Each structure stands twice: as structure tokens, then as C-alpha cells.
Amino acid sequence: MSTSTNFEFSYSFAKSMDEADPLRSFRQKFIFPKVDGKEAIYFCGNSLGLQPKSTQNYIQKELNNWADKAVDGHFHGEDAWYHIRKKSKPALAAIVGAHEHEVVAMNNLTSNLHFLMVSFYQPTDNRFKIITEAGAFPSDMYMLETQVKFRGLNPDEVIIELSPRAGEHTLKTEDIIAAIQEAGDSLALVMMAGLQYYTGQVFDMKAITDAAHQVGAKAGFDLAHAAGNVKLALHDWEVDFATWCSYKYMNSGPGNVSGIFVHERHAERPDLVRFAGWWGHDEGERFKMEKGFKPMYGADGWQLANSNVLALAAHQASLDIFQEAGMDSLRAKSEKLTAYLEFLIQEISGDSGVLEIITPNHKDERGCQLSLLVHKGGKAVFDEFYRNGIVGDWRHPNVIRIAPTPLYNSFMDVYQFAEILKQSLQKFA
Ligand SMILES: *Cc1c(COP(=O)(O)O)cnc(C)c1O
């Protein structure tokens, strides 16, 4: 039975939910933007997470280290930059469900997709196809297209894009698996989102990985919208590789550092082709400055360049908050918060056909985001939100994405959104 049967569309109900929320104090750790001088109701954590109040101090500390120690900061003191990558590992491992040696923070997301493809897409004459979801995030599409061309292959012959069934908005797991089985021996790789940015659908990464492995292919996921949003178990699911960004649900600042996951079974594979740099080379011998690349064990062996210390400082500010809250508690709140949003939207739009939620309604098939198709009123419905201090996200041609995040959004935020949605639909739909 759904918990939504107990929900109420009322101020007092929202208030009581907030009072019972064990994570309610975390909201105070973040800085909210203003719309027309008033604190916004912010539902865009799926695009750019809010700034933790502590971020400034974390960055300032590294600025001080740089000022005080300059080049000595690389090796001296307990916070020596030479080892700074290690700091983020416990939190990252907890967030994506991995061992610490399977993850490392480095580069940016699209760069990492390319670097991981170099290692994990190894087309042969017979096995060269790639399965992905249709309508993937553009950077991922451009990445796949150009990786395939880089291997001298034709994207039209290599990339299989999976679309929902006619009249549906999201993919069925059984259809994804059937496509993998059909591609069979010709399939080299499944490379898709873990959580689809447009529809908000979470794919069954374990089932997809199992199916890929059964036909002898590899499975990799772009977790831009999944990391810090839903529970992941990349190690146990035996996913080959994954990458994500830190500026969406992980609140680490615009364009900040990405992270990668490489499964343990690839940890000691010096034979795996890669584009290397000195930071992936055996740490003990790195400063011998000698020829002959010897990769470090695990994900670290994919690092290229020395760590971006200021970026990692901002990342750490947020990761420490995640460690304090814990993914289990975050997810428990998130399921309720999104279910409440869904309940209110249904209360308001009912069977009028004005709004359609295209995100799956089962909690295991979605994160915090709901994507709404606006059938009547168009962008005017959305523009009314902003005039009333709500920051959401409009995607061409008619989708509104609303992402209440469990770290800093409240049930009252969701309630207030619903009041404004009601008003907006009365005016424009
Ligand atoms: C946000 C997002 C990106 C952005 O990539 P950057 O390299 O960080 O600019 C790429 N892919 C997906 C699926 C995303 O959601």
C-alpha cells in the first residue's frame, strides 16, 4: 500500500511532516538563493545543488595552506595535497556503494566518460555494438558518437538507442534486457544513464549489468543524476565502470570535479588500454620521473593529472555533510518527500489531463525528481512559478522538472509549490 493515502493537502500537515523529519536541521547548512529579494523555494538540486555554508571555510583553508606553505603544501603536513584524493574516498564509496579503491574524484564528467570508454569499449570485428537509451543527455550522445568515429566505425551501425514503447515515456527493464540478448555476441558495451535526466527514471542497473555480462559485454553508467540521489551498490551489482558529477545532488559547486568507479576486478589490469598521466602512475615511483607507465591499483590508476585542490575542498565540504546525514536516512526522507509532491500534484490536476507525471510512480524506479508534462498552458504555467519564488527547471518542449532534495528541501517547500501550481493552473491552463 502506498504511504500517499495518509497525505493531506494542508499547511498543518506539511508542518507536522517537517517537525517529524530527523534531517530537518540540515537545511540550515545551506545558502538559499533569492528571487526578487525573497528566499527562493529551490527545486533545482538536480541541476546545481546549493552551496553549503561551510564551503567557504574548506576553500579558505586550502588558500591558507597555499599561502603559508606554497610548494611545500604538496608533501608537508597531515593535509598534504599529494594525498588529497584519499579524503573524499570514504564518502564517495558510501554514496555509490563501492570499496574505496574503486572510486576516485578527478576531472569532469564528460572527460571521464571519454577516458573510461578508452578502456572499456574495445570493439572487435564481431563485437562492436553499444546499447544506450534514446534521448540521452547530449554530452553523452556526442561522447558516444565521437568515440565510435575515433575507432574508425560508423555510429549508425554501432549505437543501438532504446526507446520506450509506443505511447509510453519510460523504458521497461524487460525490453532493455531483450535488446541486450538480441544484440548478443555483437554487443561490446551497455553505456547508459543510471537515472535518466529527462524522465527521472532509474534503470535497473543490476539487471542490465547481469544481462550485459551474460552476452559477454561490459556495462557502464553515467550517474550524474543518480549519485547522491538514490541508493547505489555498484560493487555488488558488478558494474564495470561509472562516472558522475559533483555539482548536482552533491552540492560541490558549478562545474566541480567528477568521480569515477572502476570495479575491483579491473583493479589490477595493467593490460587495460588507457590514456594515462603521471597521477595514475605508481605513487611511490612517480617522482622518479621515468619512462614506462605503471598504473596504480584500482580507480586511482585512471587519474591523469594532479588533484585540483580548491575544487576538492569544495567537494569535501558537501561530502562531509553527506557522511553526517547518511544515504539511508537521506533516501528514506526523499521517498516520502517525492511521494508527497506526487500526491499534491495529483490532488491538483486530478484527471483533468492538464499535467502528466512521466516519472515512474514506484519509489525504486525514481529518485527525488518528478518530470511533469504540461499538456495545457505551456511555459506560462512554469513562468508563474518563478514569479512566485520557485526555482524549477523547464525542458523544451513541455517538461517541468521538480526535484525536492532531502538535504535541504522541506515538506513545507513542497506544499508551497503545490499552492502556486494550483494558482498557476487556474490562470493559464
Ligand atoms: C549533467 C550531465 C552531464 C554534464 O556533463 P559535464 O561534463 O559535467 O558538463 C553529462 N551527462 C549527464 C547525463 C548529465 O546529467
Side-chain angles (χ1 to χ4, degrees), residues 17-33 39 42-46 48-62 78-79 83-105 195 223-235 244-254 256-259 261 307 309-338 363 367-369 403-414:
M17 288 298 282
D18 281 337
E19 281 161 6
D21 168 16
L23 295 179
R24 65 186 176 280
S25 66
F26 281 81
R27 185 180 175 88
Q28 311 304 326
K29 295 182 189 288
F30 292 86
I31 305 171
F32 284 74
E39 193 170 279
Y42 195 76
F43 288 128
C44 250
N46 56 348
L48 183 69
L50 292 183
Q51 182 183 143
K53 290 176 181 163
S54 56
T55 303
Q56 283 196 23
N57 292 341
Y58 279 68
I59 296 177
Q60 189 60 52
K61 198 176 139 211
E62 294 303 351
E78 47 180 275
D79 286 334
H83 302 292
I84 194 169
R85 71 174 198 292
K86 291 183 185 167
K87 259 195 209 171
S88 56
K89 282 175 181 264
L92 288 177
I95 288 170
V96 302
H99 294 306
E100 291 185 22
H101 60 256
E102 292 174 315
V103 295
V104 71
L195 193 158
L223 302 176
H225 281 260
N229 180 13
V230 292
K231 297 267 303 191
L232 299 165
L234 299 182
H235 176 84
W244 54 86
C245 59
S246 66
Y247 51 83
K248 290 174 179 165
Y249 293 106
M250 276 196 270
N251 312 316
S252 302
N256 203 349
V257 66
S258 162
F261 164 88
S307 307
V309 170
L310 297 180
L312 286 179
H315 194 23
Q316 197 63 39
S318 175
L319 291 178
D320 285 350
I321 296 174
F322 267 88
Q323 286 290 67
E324 199 186 330
M327 274 311 290
D328 286 336
S329 310
L330 283 170
R331 189 55 192 152
K333 173 176 173 184
S334 183
E335 285 169 12
K336 281 191 207 147
L337 201 57
T338 297
K363 66 177 174 58
C368 70
Q369 168 190 326
T405 69
L407 264 179
Y408 49 76
N409 283 119
S410 62
F411 289 85
M412 193 57 77
D413 286 343
V414 170

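As a basis for the values below, the full set of heavy atoms in this structure was taken, side chains included, without hydrogen atoms, waters or symmetry mates. Note that the structure is predicted; figures quoted are calculated from it, not measured.
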Student: State whether the number of non-hydrogen atoms from other residues, nucleotides or ligands found under 6.0 Å of Glu39 atom CD is greater than 12.
Tutor: yes
Student: In the structure I gave you, are the side-chain heavy atoms of Val96 and Val103 within less than 4.5 Å of one another anywhere?
Tutor: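 Yes, at least one pair of side-chain atoms sits under 4.5 Å.
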Student: Any side-chain heavy-atom pair from Met17 and Val414 closer than 4.5 angstrom?
Tutor: no
Student: Walk me through whether Leu50 and Leu407 qualify under side chain to side chain contact (heavy atoms under 4.5 Å, CB included).
Tutor: CA-CA 10 Å; Leu50 292 183; Leu407 264 179; over 6 Å; no
Student: Specify the closest pair of heavy atoms between Ser252 and His315, including all atoms of both residues, with the distance to one decimal.
Tutor: OG-ND1, 2.8 Å
Student: In terms of side-chain geometry, is the basic nitrogen of Arg27 or Asp21 positioned less than 4.0 Å from the acidic oxygen of its partner?
Tutor: no
Student: Asn256 versus Met250: any side-chain heavy-atom pair under 4.5 Å?
Tutor: no
Student: Considering all heavy atoms of both residues, which atom of Lys53 and which atom of Gln28 are nearest to each other, and what is their separation?
Tutor: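 Residues Lys53 and Gln28, closest heavy atoms: NZ-O, 2.6 Å.
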Student: I need the Arg85 CZ to Glu100 CD distance, nearest 0.5 Å.
Tutor: 11.0 Å
Student: Evaluate the criterion side chain to side chain contact (heavy atoms under 4.5 Å, CB included) for residue pair Ile84 and Glu62; output intermediate values, then yes/no.
Tutor: CA-CA 11 Å; Ile84 194 169; Glu62 294 303 351; 4.1 Å; yes
Student: Could you tell me how the ring of Phe32 sits relative to the ring of Tyr408: parallel (under 30°), tilted (30 to 60°) or perpendicular (over 60°)?
Tutor: perpendicular
Student: Carefully, step by step, assess Leu92 and Trp244 under the rule side chain to side chain contact (heavy atoms under 4.5 Å, CB included).
Tutor: CA-CA 11 Å; Leu92 288 177; Trp244 54 86; 4.0 Å; yes
Student: Looking only at non-hydrogen atoms, find the nearest pair between Ala227 and Leu232 and report the distance.
Tutor: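 Closest approach of Ala227 to Leu232, heavy atoms only: CA-CD1, 4.1 Å.
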Student: Side-chain contact test, heavy atoms from C-beta onward, threshold under 4.5 Å: evaluate it for Leu48 versus Pro254 and give yes or no.
Tutor: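 Yes - at least one pair of side-chain heavy atoms lies under 4.5 Å apart.
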Student: A side-chain contact here means heavy atoms from C-beta on lying under 4.5 Å apart; do Thr405 and Ser334 qualify?
Tutor: no
Student: Between Leu234 and Leu223, is any pair of side-chain heavy atoms under 4.5 Å apart?
Tutor: yes
Student: Find out whether the Lys NZ or Arg CZ of Lys61 is both under 6.0 angstrom from the six-membered ring centre of Tyr58 and within 45° of the ring's axis.
Tutor: no
Student: Just how far is it from atom OG of Ser410 to atom CG of Asp18, taken to the nearest 0.5 Å?
Tutor: 4.5 Å
Student: One pair to check against side chain to side chain contact (heavy atoms under 4.5 Å, CB included): Asn46 and Lys248. What are the steps and the verdict?
Tutor: CA-CA 5 Å; Asn46 56 348; Lys248 290 174 179 165; 5.7 Å; no
Student: If I compare all heavy atoms of His225 with all of Gln369, which pair ends up nearest, and what's the gap?
Tutor: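 Closest approach of His225 to Gln369, heavy atoms only: ND1-OE1, 3.9 Å.
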Student: Which residue in the set Val104, Leu312, Val257 passes side chain to side chain contact (heavy atoms under 4.5 Å, CB included) when paired with Ser307?
Tutor: Leu312
